[in-house]
Amino acid sequence: MKNSYFDLVYRVTAAIPPGRVTNYGAIADFLALGSARMVGWALNKCGHLNIPAHRVVNRKGELSGRNMFPSPTMMQEKLEQEGVVVENDKVTEFKTLFWHPGDYLNQDDYDYEKDT
DNA sequence: GTTTTGACGGTCT
DNA sequence: TAGACCGCCAAAA
């Protein structure tokens with residue numbers, strides 16, 4: 001538990017319920033980071049952690065970070081696998097599937113550092 | 001030590 | 001309504 005700004009991002013991202021998506025701005029605003037780029041950047045170094053970064057998209061609901069994944073299609077595949085309808089690399093029901101960061105309080109805590 | 005880029009967002013034109 | 005510009009903080013070159 002480092003309590004760093006990116007660790008907070010990890011926790012919120014890990015708390016995103018399956019079949020649900022959110023955007024960087026919401027997390028950035030919730031954590032008062034001041035910039036959505038901090039969120040995306042923090043997730044960029046999530047490579048060694050088991051964080052569902054595929055559930056995090058930009059404000060337009062587009063899978064902007066798919067290019068960073070081991071496989072660009074993996075992000076969309078995972079979203080569809082959880083029931084999220086993705087078309088043209090963007091979430092169609094984004095506004096409906098949108099998940100508010102504040103709801104993560106209901107998820108209590110989550111060990112994102114626990115890989116395996 | 002300085003400059004540029006980056007998984008973005010909001011506001012102005 | 002749509003397109004373009006600026007701003008946020010941090011890390012790498």
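At a threshold of 4.0 angstrom between heavy atoms, the contacts of A:M38 include nucleobase atoms, whether or not backbone atoms are also involved. Within the nucleic acid shown, A:N23 comes within 4.0 Å of sugar-phosphate atoms alone, with no base atom in reach, counting heavy atoms only.
The ring pair (Phe, Tyr, Trp, His ring centres under 6.0 Å) pairs that include a residue from residues 76-97 of chain A are A:F94-A:F98, where partners are two or more places apart or lie in different chains.
Across all their heavy atoms, A:Y10 and A:A42 have their closest contact at OH-O, 2.9 Å. Taking each heavy atom of A:N58 and A:S64 in turn, the nearest pair found is CB-OG, 3.4 Å.
Atom P of nucleotide C:dC8 and atom CG of A:L31 are separated by 18 Å, given to the nearest angstrom. The distance from atom CD of A:Q76 to atom P of B:dA7 is 19 Å, rounded to the nearest whole Å. Across the protein-nucleic acid pair, A:N58 atom CG and B:dG6 atom P stand 16 Å apart, rounded to whole Å. The distance from atom CG of A:L43 to atom P of B:dG9 is 12 Å, rounded to the nearest whole Å. At whole-Å resolution of the value, CG in A:L8 and P in C:dA10 are 13 Å apart. When rounded to the nearest whole Å, the span between CG of A:N44 and P of C:dC8 equals 22 Å. Rounded to whole angstrom, the span from the NZ atom of A:K90 across to the P atom of B:dC8 amounts to 16 Å. Straight-line distance from the CG atom of A:D29 to the P atom of B:dC8: 17 Å, rounded to whole Å.
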Side-chain donor-acceptor pairs under 3.5 Å in residues 67-76 of chain A, sequence neighbours left out?
none

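The only option from A:L63, A:T92, A:V57 that meets the side chain to side chain contact (heavy atoms under 4.5 Å, CB included) definition with A:V86 turns out to be A:L63.
When hydrophobic clusters are built by joining Ile, Leu, Val, Met, Phe, Trp and Tyr residues whose side-chain heavy atoms come closer than 4.5 Å, directly or via intermediates, A:L97 is grouped together with A:L79.
The residues A:E82 and A:R20 are annotated as not salt-bridged, no charged nitrogen and carboxylate oxygen being separated by less than 4.0 angstrom.
For A:W41, taking side-chain heavy atoms from C-beta onward, the closest of the listed nucleotides B:dA7, B:dC8, C:dA11 is C:dA11.
One P atom belongs to C:dG3, the other to B:dA7, and the distance between them is 22 Å to the nearest Å.
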Can you pull every protein N or O that's under 3.5 Å from an N or O on nucleotides 5-7 of chain C?
from  : atom 1 : to    : atom 2 : distance (Å)
C:dG7 : O6     : A:R37 : NH2    : 3.1

